Amino acid sequence: MKRRLAEIGDWVEHRTGLIGALQHFLYEDIPASSGWHQVFGSLALFLFMVQAFTGILLAFNYAPTPGEAYDSLRYILTELTGGSLIRGLHHWGASMIIVVVVLHMVQVFLYGAYKKPRETTWMIGVVLFLVTLAYGLTGYLLPWDNRAYWGTTVTTQIAAMSPGVGAYLTQLLGAANGVGVVTFARFYAVHVLILPPATILLVALHVYLVRKHGVAAEPGDELKPKKRFFPMQVFKDTVAIFLAFALLFAMAVAVHVPLEQVADPTDTSYIPRPEWYFLCLFQVLKLFNGPLEVVGAVVLPGLTVLALILAPFLDRSQVVKVTRRFAAIGIVLLAVIGWSALTMAAVMSTPPQEAAVDFSYPTDWMQLTPDRLATSALPNIPAFVLHGAAVYGANHCSACHSVNGAGGKVGPVLNGLAKRQARSWVEDHFSNPQKLSPGTIMPPYPMSQQDRDNLTSYLFSLPDQ
Ligand code: HEC
């Protein structure tokens with residue numbers, strides 16, 4: 001048996017060179033000082049693979065158009081086996097990868113591992129960090145709920161502030177007339193068609209350069225015996241990956257992933273909130289008003305990125321032990337304090353999250369988003385009626401009323417309403433039932449004129465029963 005295996009191994013090696021390549025890859029020498037602090041690079045790569053895998057699974061069931069995205073996601077969450085788990089992994093994986101990439105950068109920064117000859121490795125790393133953020137930014141829009149819609153509206157407004165290129169960027173984001181189909185298509189294309197191949201290319205370059213220059217050594221390492229990448233570092237990497245995945249899995253199962261009401265461009269009272277890792281930027285933005293806004297929106301973040309990219313050229317000092325890199329430690333501490341303070345301030349000043357949509361009652365109405373019409377399974381129903389049905393569902397009218405035989409028994413059946421009441425009566429009744437029906441338990445429903453119109457149209461479109 002053993003001999004047969006060896007023979008197969010020989011065959012593969014002779015025909016492809018695969019085994020030799022693997023050995024060459026694994027039995028690399030690494031410096032004596034390498035250890036647990038260097039697991040983050042491999043961990044980030046692993047998490048990228050988790051994102052790619054869960055992203056592909058989501059794409060199998062996700063319909064990437066504004067009319068369908070929300071419904072298909074709801075389908076994934078409520079009906080697809082394991083769908084909610086996959087979305088949880090993808091959502092929390094995105095957060096985790098940002099944490100891990102930042103830890104990786106902090107480690108390299110603290111140790112001064114970006115110094116000659118590893119400047120390019122570092123700069124490509126910074127680009128990879130930006131790519132990671134770009135995934136977050138573009139992915140944020142894809143659920144097409146209110147949170148996604150309004151968050152992205154802010155993003156496009158920030159892009160519009162860029163000096164000189166603002167108008168052009170707005171065009172590029174397809175947001176000249178607000179966030180809509182074009183923006184959605186662009187974000188989706190960037191998220192799935194541009195970023196993944198770019199990541200693969202950059203990671204390949206990054207890893208190639210890491211291999212070319214070897215793992216950065218600390219002063220004094222020359223005197224100690226070298227370690228082998230396999231099995232020592234591989235073992236540490238594997239343990240880190242195992243722990244991280246266990247944590248991610250637990251989060252995907254146990255921590256609620258937000259999904260709010262379907263995007264409602266008319267809901268201008270909605271307060272946009274970015275993802276947690278953009279909260280600090282959000283807060284910086286608030287510190288600058290009027291003509292200075294561009295400083296918070298573009299200048300400061302731009303300078304930060306520039307400083308990061310140029311770090312190897314700004315710090316050209318000799319490599320010393322990490323414990324003696326006081327300036328680097330100070331910068332990291334300052335960054336952590338600044339980031340925490342800004343993020344805390346942002347959290348405290350944003351109102352609590354809007355209640356998530358309750359999926360426990362029948363949610364057929366959610367299929368009926370206004371923009372669904374073009375591809376609707378119900379081609380004969382006009383968009384405003386579908387929107388009215390959505391308003392009916394969103395306000396939980398069915399708690400008291402029944403429609404087409406389904407719903408509560410507290411209030412009158414709403415089929416045949418047109419025969420009983422005038423349109424104007426119904427519309428007035430929504431805003432103040434007490435006035436028209438003294439003593440009624442129906443609460444008042446303050447809503448936009450458009451919602452009220454469409455809701456009435458929906459009720460009037462119901463068949464008599
Ligand atoms: C707490 C229970 C309750 C809720 C929730 C409720 N209603 Fe009512 N509704 C009633 C009751 C009771 C009446 C009958 C008395 C009256 O006219 O107010 C009524 C009456 C009506 C009427 C007049 C019906 C008729 O035949 O004259 C309409 C139309 C109506 N509701 C629509 C709605 C819509 C739309 C919603 C959701 C936005 C809603 N109601 C939410 C209890 C409720």
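Computed from a predicted structure; not experimentally measured. Atoms within each ligand, like the ligands themselves, are counted from 1 in listed order.
Within a 6.0 Å sphere centred on OH of Y208, other residues, nucleotides and ligands contribute 12 heavy atoms or fewer.
The contact set between ligand 1 and L455, taken as ligand atoms under 4.0 Å from a residue heavy atom, comprises 35 (C). Set against the non-hydrogen atoms of S437, the atoms of ligand 1 under 4.0 Å away are 16 (C), 17 (O), 18 (O). Every atom of ligand 1 with a heavy atom of N395 under 4.0 Å away is listed here by number and element: 38 (C). Numbered from 1 in the order shown, with element, the atoms of ligand 1 that lie under 4.0 Å from a heavy atom of R420 read 25 (C), 26 (O). For ligand 1, the atoms closer than 4.0 angstrom to any heavy atom of L417 are 24 (C), 25 (C), 26 (O), 29 (C).
Here the shortest heavy-atom pairing between A422 and F460 reads C-CZ, 4.1 Å. Heavy atoms only, all atoms of each residue included: G139 and P143 are closest at O-CD, 3.5 Å.
By the 4.5 Å heavy-atom criterion applied to side chains, V294 and F288 are not counted as neighbours.
The line from CZ of F187 to CG of L142 is 9.0 Å long, rounded to the nearest 0.5 Å. Expressed to the nearest 0.5 Å, how far NE2 of H401 lies from NZ of K409 amounts to 13.5 Å.
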Test side-chain hydrogen bond (donor to acceptor under 3.5 Å, both in side chains) on R87 and T54 and set out the steps.
-> CA-CA 7 Å; R87 191 206 176 207; T54 51; over 6 Å; no
Evaluate the criterion side chain to side chain contact (heavy atoms under 4.5 Å, CB included) for residue pair D453 and E427; output intermediate values, then yes/no.
-> CA-CA 7 Å; D453 276 354; E427 300 212 349; 3.0 Å; yes
Test E260 against Y270 for side-chain hydrogen bond (donor to acceptor under 3.5 Å, both in side chains), laying out the working first.
-> CA-CA 12 Å; E260 297 184 357; Y270 189 88; 2.5 Å; yes
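When only non-hydrogen protein atoms are considered, atom 23 (C) of ligand 1 lies nearest to W425 CZ3, 3.7 Å. Atom 41 (C) of ligand 1 has as its closest protein heavy atom Y445 OH, 3.4 Å. Annotation: atom 35 (C) of ligand 1 to nearest protein heavy atom, F430 CE2, 3.3 Å. Looking from atom 27 (O) of ligand 1 to the surrounding protein, the closest heavy atom is Q421 NE2, 2.9 Å.
Heavy-atom separations between Y458 and ligand 1 are all 4.0 Å or longer.
Around atom 8 (Fe) of ligand 1, the protein N, O or S atoms closer than 2.8 Å are H401 NE2, M442 SD, listed by chain and residue number.
Under 4.0 angstrom from ligand 1, there are no non-hydrogen atoms of V391.
Aromatic ring centres of Y111 and H37: separated by under 6.0 Å.
A donor-acceptor pair shorter than 3.5 Å cannot be found between the side chains of Y140 and T155.
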